[in-house]
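Computed from a predicted model, the values in this text were never measured in an experiment. Every chain is numbered from 1, with letters handed out A, B, ... down the list of sequences.
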Amino acid sequence: MAARTPEERIYRAVMRIPPGRVATYGQIARVAGMPRHHRQVGRALRGLVDDGLVPWHRVVSASGTISLRSADGSAEREQRQRLAREGVVLDARGRVSLARFQWKRGVAP
DNA sequence: CTAGTGACTGTTT
DNA sequence: AAAACAGCCACTA
C-alpha cells in the first residue's frame, strides 16, 4: 500500500464528487476521513496544480459561496464558469443552492 | 520557541 | 443577519 498523505486523501475525495454536484470543505474533510480538518482541505487545494484531474471547482464553502479569493476576482469567475458548464448555477446572491447541488454520498444525480 | 494567518465550520450571543 | 469563540493543521516571520 502506498503511503497516502493527507493531501492525497483530500484530492481523492474531491475526485469522488460527481459532475454537476458540489461539496463543502467540511464534507470533503469528512469523506477523506479527517473530520474538522476543513482548513487543510483549503490549504491542499491552494497548493494544487490544476492538471485537470482534480475538480477543485466543485468545492465551495459551507454556505455555498465561492471561497476562492484573488485580487481581481478572476479565480472566482473561473470557478463559476466551470460550475455553470456542468449545470450548476448560482442564485441571485451569487451562491450555489446546496439544497439542490450538494453531493450526497451514495446518491447519484 | 511563539505568534499570526489562511480556498473553513459549527455553535452560541 | 452578523459577530464572537473555539477547534484543527501547516506554513512563515
Side-chain angles (χ1 to χ4, degrees):
Chain A
M1 296 284 286
R4 288 179 192 90
T5 66
E7 290 189 350
E8 271 186 64
R9 284 187 168 184
I10 291 170
Y11 299 147
R12 213 50 150 134
V14 173
M15 285 190 266
R16 270 160 58 89
I17 308 175
R21 297 265 147 157
V22 298
T24 67
Y25 292 88
Q27 191 176 2
I28 291 301
R30 198 170 136 167
V31 170
M34 320 155 79
R36 294 188 187 82
H37 288 213
H38 26 63
R39 248 171 174 148
Q40 278 21 321
V41 174
R43 194 193 65 74
L45 292 180
R46 193 208 161 206
L48 169 70
V49 178
D50 187 4
D51 52 359
L53 297 176
V54 182
W56 55 268
H57 55 276
R58 293 185 194 141
V59 182
V60 297
S61 71
S63 308
T65 59
I66 293 177
S67 301
L68 244 185
R69 298 191 292 244
S70 55
D72 55 356
S74 60
E76 183 178 339
R77 284 199 308 270
E78 173 85 34
Q79 182 167 6
R80 191 179 31 177
Q81 191 171 17
R82 287 182 180 225
L83 287 175
R85 194 172 151 196
E86 296 185 350
V88 177
V89 296
L90 304 183
D91 61 10
R93 288 264 231 69
R95 345 186 298 179
V96 176
S97 299
L98 293 180
R100 230 173 90 68
F101 298 111
Q102 184 170 35
W103 171 43
K104 318 238 177 191
R105 290 229 279 147
V107 178

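- Residue contacts for A:Arg58: at a heavy-atom cut-off of 4.0 Å it reaches no nucleic acid atom on any strand shown.
- Taking atom CE of residue A:Met34 and atom C1' of nucleotide C:dG7, one finds them 15 Å apart after rounding to whole Å.
- Side-chain contact check for A:Arg30 versus A:Gln27: every heavy-atom pair is 4.5 Å or farther apart.
- Looking at A:Arg82, its side chain never comes within 3.5 Å of a backbone N or O of A:His57 through a donor-acceptor pair.
- The shortest non-hydrogen separation linking A:Ser61 to A:Leu98 is O-CD1, 4.5 Å.
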If you restrict it to nitrogen or oxygen atoms, what contacts under 3.5 Å exist between nucleotides 3-7 of chain B and the protein, and what is each distance?
from  : atom 1 : to      : atom 2 : distance (Å)
B:dA7 : OP2    : A:Arg69 : NH2    : 3.0
B:dA7 : O5'    : A:Arg69 : NH2    : 3.4
B:dA7 : N7     : A:Arg46 : N      : 3.2
B:dA7 : N6     : A:Leu45 : O      : 3.1
B:dA7 : N3     : A:Tyr25 : OH     : 2.9

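- Across the protein-nucleic acid pair, A:Arg93 atom CZ and C:dA2 atom C1' stand 13 Å apart, rounded to whole Å.
- Here the separation of B:dA7 from C:dA6, taken at their P atoms, is 22 Å to the nearest Å.
- As rounded to whole Å, 14 Å separates atom P of B:dC8 from atom CD1 of A:Ile28.
- Distance check: A:Glu76 CD to A:Arg80 CZ gives 6.5 Å after rounding to the nearest 0.5 Å.
- When every heavy atom of A:Val14 is checked against every heavy atom of A:Val54, the shortest pair comes out as CG1-CG1, 3.5 Å.
- The shortest non-hydrogen separation linking A:Arg9 to A:Ala32 is CD-O, 3.6 Å.
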